[in-house]
Amino acid sequence: TAPAQLRNFSIIAHIDHGKSTLADRMLQITGVVDQRAMRAQYLDRMDIERERGITIKSQAVRMPWAVDGVQHALNMIDTPGHVDFTYEVSRSLAACEGAVLLVDASQGIEAQTLANLYLAMEGDLEIVPVLNKIDLPAAQPEKYAEELAGLVGCDPADVLRVSGKTGEGVSELLDRIVARVPAPVGDPDAPARAMIFDSVYDTYRGVVTYVRVVDGRLEPRQKIAMMSTKATHELLEIGVSSPEPAPSKGLGVGEVGYLITGVKDVRQSRVGDTVTGAQRPATQDLGGYRDPKPMVFSGLFPIDGSEYPVLRDALDRLKLNDAALQYEPETSVALGFGFRVGFLGLLHLEIVRERLEREFDLDLIATAPSVVYEVRMDDGDVVTVTNPSEFPEGKVKEVREPVVKATVLAPSDFIGAVMELCQSRRGELQGMDYLSPERVELRYTLPLAEIVFDFFDQLKSRTRGYASLDYEPTGDQAADLVKVDVLLQGEKVDAFSAIVHKDKAYPYGLMMAGRLQKLIPRQQFEVPVQAAIGARVIARETVRAIRKDVLSKCYGGDITRKRKLLEKQKEGKKRMKMVGRVEVPQEAFIAALSSD
Ligand code: GDP
Ligand code: MG
C-alpha cells in the first residue's frame, strides 16, 4: 500500500474505558474478523489478559477501510494500559501518527488518560478525542465532552461519541481516523530502518517481531541487523496481521507488520531497537531504545522444595517472551532454594507469579516485594541492594531509595483523604489542579517502596473507588532507612528482613515478632522471637517451652491413633526448617509471609 493510503493509529485509554472492546468492533466492522470467529477481546490472546480484562502485550492489526471509494489500510496498534508497561505504550505510540483518546462517558478523564495523552503528545501524534460507552444509562456525554475538549484543546462538538459495545459511531470514527491522522512519511530509497514495538515468543514460529518501517524496504530472505547489538539474522518471513498472520513480499515506508528470523528469545529482538538491512545498513538508529530495568524484586520459592528445577525451567521459558524478566538463584534459611526475581512493577510481579502457578502448575511463596536501594558506606563503597537480607554490614553513610512522580485524579470531595494517605506514605505535594469544579489532579513525589505496599488498594478504599493513580520513576533520594531483622533465639530468619523507614521500624518489628510468635510451634525450650536493628532489639515475644512429647497425650489410647500421630509427625519433619536449634515447619514461615 502506498504511504498516502496508510494510517497508523493507537487507541489509548485509562484501564477499563473500553479499548479492547472498541478494537473488537473495528475488526468486525472492517470485516477482518467474521461474526463466527469473533470472541470478546479478540486481541487479548493470553488467558490472564482475557480473565483480568487487561491488555499486557501490544498487538497490531491491519484493516481495510474505504473512504469515498478510495481503499485505505488502517494499522491499529493496541497498547497495554497499565503503568508497569509504560515503556511498551510509548514504543507502540512511536509507530503511529495518530491516537484515538478514548474516555468512558460515565467516568470521565482518569489518571492514565492523562499519562497516555502526555505520551502521545510527546510523540507529536494527532489526537482523536472520543467518548465511549454512550449506550450506558449513566453516561454523561455533554459533561465529559466538555472536559475532554478542554484537555485536548478542541471544540466539544468535535468529540466523537461511540459505543464499542453496540458499534454505534464506530464507522464514523474510522472515517475520522482517515481524515485526521496524517499519512506516514519516509524515504523509500534510504537504507531500511524499522522500529520494533513488540516482540512475542511463539512456540511454533519462534520470536515474532512487530515492526513499523520508517525508511526503505524489508523483504523476505534479506539479511537484517539489529542496530543495538549489530547481530544479524535472515528474514525468514515478513507479513501483516489482519489479524491472522499473512506473509507478504515485503514491507515499505510507513507499513506495520511482523517479521520472523528464527531467534528463540525476545531479548534478541527487543522492543525499541531498530532493524536495518545488513548489506546497506543505516547509520543512525531511530532512537528510544532502552534496556528494561526492574523496579521491584521478590524472592520466589517453590513450597515443595523438589519443584525447584521445575521453577527454574519455567522461568527460562517465560523469559523467552519477557525481555524485562530477570532472575538469579537465591537460597533462604526459611524457604530453601528459589530465585530472586526482578519485575517492572507489582502488576508485572503478579502476572509472572500467576503464569508460573497456572501454566507450570507450581505452588509458590513470594517474599515481600522490595525496591532497589543504593547504600553508601562510610568507606566510600556503594552497594546496590535488591534483597534486604543482603544489606551491607558496617557503617552506613546514606541510603538512597527510588522515588516516583505520582498523579492522583479524584473527585474534589476526596482531596483530604488523598492528602492524608500520601502524607502517611512520606509523599510531598508538588501541585494541584482542578480539571473541573468536581475533579482534581494532585501531583506528589512518593517513595516507590511506599506505593509497592497496598497504596493503590488504600487509595481506592479511601475514595470509594473514585480515585485513579499513575506514576513514573523520577530517580532516587536519600532517606532515613534502616534494616529490621527478625531473629529466632538470636538467629536471623533471612526471608523476614526488611528495609523500612525509621518511623516504621518499630511497628514492623512488633508486627512480625507477634505474627511469628503465634505461628511457631512450642519447642522443648523457650524461644525468644525478636526484631532488631543491627544489635539493638526493638521488639520481643516469647514462644513458651513444652515438656510433654507428642505421644504423652495418647497413653492408654489405641495404637492406630498413636501410629497416625507418628506418621503425621514424620510427614511434618520433611518440611521442617532449622533456624539455629529451633525447628519450624515451613508452613509457619509461609503463613507469616502471606498474612496481611
Ligand atoms: P480496556 O481495559 O480499555 O481494554 O477495556 P475493555 O474493552 O476490556 O472494557 C472494559 C469493560 O467495559 C468491559 O466489561 C466491557 O464489556 C465494557 N465496555 C466496553 N465498551 C463498552 C461500551 O461501549 N458500552 C458498555 N456498556 N460497556 C462497555
Ligand atoms: Mg484491554
Side-chain angles (χ1 to χ4, degrees), residues 9-30 33 38-61 63 76-86 88-90 92-93 96 99-117 119-120 127-145 148 159-174 176-177 198 243 345 347-348 350-351 409 456 460 465-470:
F9 72 98
S10 271
I11 307 176
I12 53 178
H14 188 73
I15 196 149
D16 278 348
H17 280 205
K19 216 171 45 195
S20 301
T21 308
L22 177 63
D24 285 350
R25 255 338 54 65
M26 288 180 168
L27 295 182
Q28 220 171 357
I29 288 173
T30 57
V33 179
M38 197 68 211
R39 52 169 196 262
Q41 287 158 8
Y42 190 90
L43 298 173
D44 293 347
R45 283 156 197 263
M46 278 199 258
D47 283 348
I48 298 177
E49 291 183 305
R50 210 164 293 120
E51 274 166 35
R52 292 181 170 226
I54 55 169
T55 308
I56 298 161
K57 297 298 285 184
S58 319
Q59 296 284 348
V61 198
M63 305 177 289
M76 170 171 62
I77 294 166
D78 194 17
T79 59
H82 192 273
V83 53
D84 284 6
F85 305 100
T86 297
E88 290 198 17
V89 179
S90 77
S92 301
L93 293 179
C96 302
V100 171
L101 179 66
L102 197 65
V103 170
D104 184 329
S106 69
Q107 304 284 325
I109 293 162
E110 300 280 7
Q112 278 139 49
T113 316
L114 291 182
N116 285 317
L117 173 64
L119 282 176
I127 310 291
V128 180
V130 176
L131 284 180
N132 189 31
K133 307 196 190 182
I134 52 160
D135 61 289
L136 283 177
Q140 296 177 273
E142 301 306 323
K143 177 177 164 193
Y144 292 126
L148 189 49
V159 176
L160 279 180
R161 292 155 195 216
V162 309
S163 165
K165 187 173 176 187
T166 67
E168 189 182 344
V170 177
S171 324
E172 290 80 353
L173 172 55
L174 292 166
R176 178 75 61 97
I177 289 167
D198 198 10
L347 180 69
H348 189 211
E350 258 181 65
I351 289 166
L409 253 73
F456 189 59
K460 283 279 173 197
Y466 283 117
S468 56
L469 166 75
D470 193 78

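Atoms within each ligand, like the ligands themselves, are counted from 1 in listed order.
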Checklist entry - At under 4.0 Å between heavy atoms, which part of Leu102 makes contact with ligand 1: side chain, backbone, both or neither? => result neither

Next on the checklist: Please determine whether a side-chain nitrogen of the Lys or Arg among Arg161 and Glu142 lies less than 4.0 Å from a carboxylate oxygen of the Asp or Glu.
Outcome noted: yes

Item to check | Side chain, backbone, both or neither: His17 near ligand 1, heavy atoms under 4.0 Å | outcome: backbone

Checklist entry - With backbone taken as N, CA, C and O and side chain as the heavy atoms from C-beta onward, which portion of Ala13 lies under 4.0 Å from ligand 1: side chain, backbone, both, or neither? => result neither

Checklist entry - Which part of Leu136 is near ligand 1, with near meaning a heavy atom under 4.0 Å away: side chain, backbone, both or neither? => result side chain

Checklist entry - Where the side chain of Gln140 meets the backbone of Ala105, is there a donor-acceptor pair that is under 3.5 Å apart? => result no

Next on the checklist: Quick check: Val162 and ligand 1, any N/O pair under 3.5 Å apart?
Outcome noted: no

Checklist entry - Heavy atoms only: which of Thr166, Asp104, Val170, Thr21 is nearest to atom 16 (O) of ligand 1? => result Thr21

Checklist entry - Counting distance only, does the side-chain N/O of Ser163 pair as donor-acceptor with the main-chain N or O of Lys165 below 3.5 Å? => result yes

Checklist entry - Between Gly164 and ligand 1, is there a nitrogen or oxygen pair with a distance under 3.5 Å? => result yes

Checklist entry - Taking the side chain from Asp470 and the backbone from Gln112, do they hold a donor-acceptor pair closer than 3.5 Å? => result no

Item to check | Heavy-atom nearest neighbour of atom 2 (O) of ligand 1 within options Ile11, Ile12, Leu131, Asp16 | outcome: Asp16

Item to check | side-chain contact (heavy atoms from CB on, under 4.5 Å) partners of Thr30, counting only residues at least two apart | outcome: Val32, Met63, Pro64, Trp65, Leu174

